[in-house]
Amino acid sequence: MNILIKNVRIFTNDAQDTLLENQAVVVEGTRIGAIGPEEELQARYPKYRYIDGSGRLLMPGLVNAHMHFYGTFARGLALRKTPRNFHEILKELWWKLDSALDLESIYYSALVQVISAVKHGVTSIIDHHASPNAIDGSLDKVEEALALLGLRGLLCYEISDRDGREKCEQGLVENERYIRKCQQAKVSEPDYLFDGMVGLHASFTLEDESLRRAAEIAKATECGCHIHVLEDSVDATITRDRFGKGVIQRLADCGVLGRKSIAAHCIHLAETEADMLAETETVVVHNPQSNMNNAVGRADIFELLDKGVLLGLGSDGMCADIRPDVRTANLLHKHDLRKANAGWSEIEKMLLKNNPKIYQRLTGQLIGEIKEGYLADLILVDYWPPTPMQGENFWGHFLFGIVDAPVNTTVINGRLIMHNKKIAGLDEEGIAAHARKCAEAVWKRFDY
Ligand SMILES: [Zn+2]
């Protein structure tokens with residue numbers, strides 16, 4: 001579909017944080033075709049579908065750099081035993097929930113979050129999936145949910161040895177199959193919405209052989225690995241006890257790190273481990289809401305950025321929207337350091353510049369900027385600035401206004417997915433009802 005969006009303030013998210021007024025944006029096919037004066041573009045493209053933004057803010061869609069769609073059915077689940085620490089949270093909740101998922105519940109877990117993403121202006125998600133009793137084809141099910149609306153996704157299956165060698169091997173096969181499927185699709189359709197990478201749970205649930213096999217697949221498919229790293233000190237303690245070395249050293253030795261790999265969390269880094277992440281150019285993703293929820297500590301985002309690590313922001317399954325994590329990141333570091341000026345430009349960089357950069361580096365997809373030739377992932381936000389807004393103070397408006405402003409329109413890959421807060425043809429109530437049925441069945445299978 002070709003669209004012309006006019007009567008908007010445009011935050012382009014270029015290096016200068018340019019804010020344009022009295023300009024329009026033209027979407028041609030999957031890409032941004034032109035940006036220029038409204039009257040000129042209207043004259044040039046008289047037959048395109050007009051969208052009048054009524055003075056709203058038009059900006060690039062947001063990226064969530066670490067998510068778990070599969071966690072949806074934890075919502076409202078009552079545990080018999082209250083976990084007292086991170087390892088118990090994994091054992092009592094997440095490893096029991098993922099074991100209870102079948103292909104249908106995987107689809108509905110994802111679909112509920114996909115709808116939420118579109119409604120909240122998130123247009124690309126990097127997901128990390130686990131379902132040890134429904135591994136084969138699980139990534140296709142996640143993809144099916146994304147495809148129903150047209151959300152962009154970079155998917156992987158989280159391998160682990162916690163359920164035995166065979167399931168780990170199945171997980172590796174699923175990752176490789178899915179990566180190759182996406183690569184094949186891109187041959188005929190370069191702007192195909194989906195990509196794959198190799199997922200791994202965390203080093204303390206993986207044997208050396210599994211780490212090496214994952215790295216081999218990543219190398220063979222020219223992809224990276226996506227793994228939880230030092231989210232809690234238990235990762236370091238078990239790794240040290242069993243393998244006699246630090247987590248980062250072990251991952252480096254097995255070939256898991258690298259410029260296309262994501263290390264999520266990186267909270268409990270020992271001295272020199274941040275340097276190793278920087279040297280290997282490994283991407284790190286910070287997940288502040290989840291870290292606070294699990295009471296696992298705070299990543300030193302300042303050290304990581306200082307050392308040149310490409311650091312992004314994720315929600316780790318807390319929600320599909322990334323904006324609550326933007327606000328949390330801003331508050332967490334200030335509060336923890338008792339330093340009112342900590343974490344301003346850093347959080348801005350992580351969300352607006354680094355998240356799209358991570359997505360581009362890992363998939364080759366040109367997103368995150370309103371620029372001719374870029375993929376048309378755009379959101380129209382109900383934000384009419386109540387105080388003067390220019391490019392240089394945009395972040396102040398984002399952090400204290402846009403962060404919770406409703407999203408009116410979402411365009412992904414040039415497709416108008418949501419307009420005037422309506423997603424065409426979507427029976428949200430019916431989907432939720434079906435999801436509840438799936439959740440009931442999952443809760444029945446849940447090993448309390
Ligand atoms: Zn995670």
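Residue numbers run from 1 in the order of the sequence given. These numbers come from a predicted model, not from an experiment. In each ligand, atom 1 is the first atom listed, and ligand 1 is the first ligand listed. Reckoned from all heavy atoms, side chains included, excluding hydrogens, waters and symmetry mates.
Listed by chain and number, H66 NE2, H68 NE2, H228 NE2, D316 OD1 are the protein N/O/S atoms closer than 2.8 Å to the Zn ion (ligand 1), with waters left out.
The list of ring pair (Phe, Tyr, Trp, His ring centres under 6.0 Å) pairs with a residue in residues 137-188, not counting sequence neighbours, reads H129-Y157. Evaluation of the ring pair (Phe, Tyr, Trp, His ring centres under 6.0 Å) test over residues 240-263, restricted to residues two or more places apart or in two chains, returns none. Screening residues 61-77 for side-chain hydrogen bond (donor to acceptor under 3.5 Å, both in side chains), with sequence neighbours left out, gives N64-S315, H66-H68, H66-H226, H66-H228, H66-D316, H68-H228, H68-D316, T72-Q113.
With respect to I125, the side-chain contact (heavy atoms from CB on, under 4.5 Å) criterion is satisfied by exactly one of V142, L154, L151: L151.
Judged by a 6.0 Å distance limit and a 45° cone about the ring axis, K141 is positioned over the six-membered ring of Y107.
Around the NZ atom of K437, the shell of radius 6.0 Å holds no more than 12 heavy atoms that belong to other residues, nucleotides or ligands.
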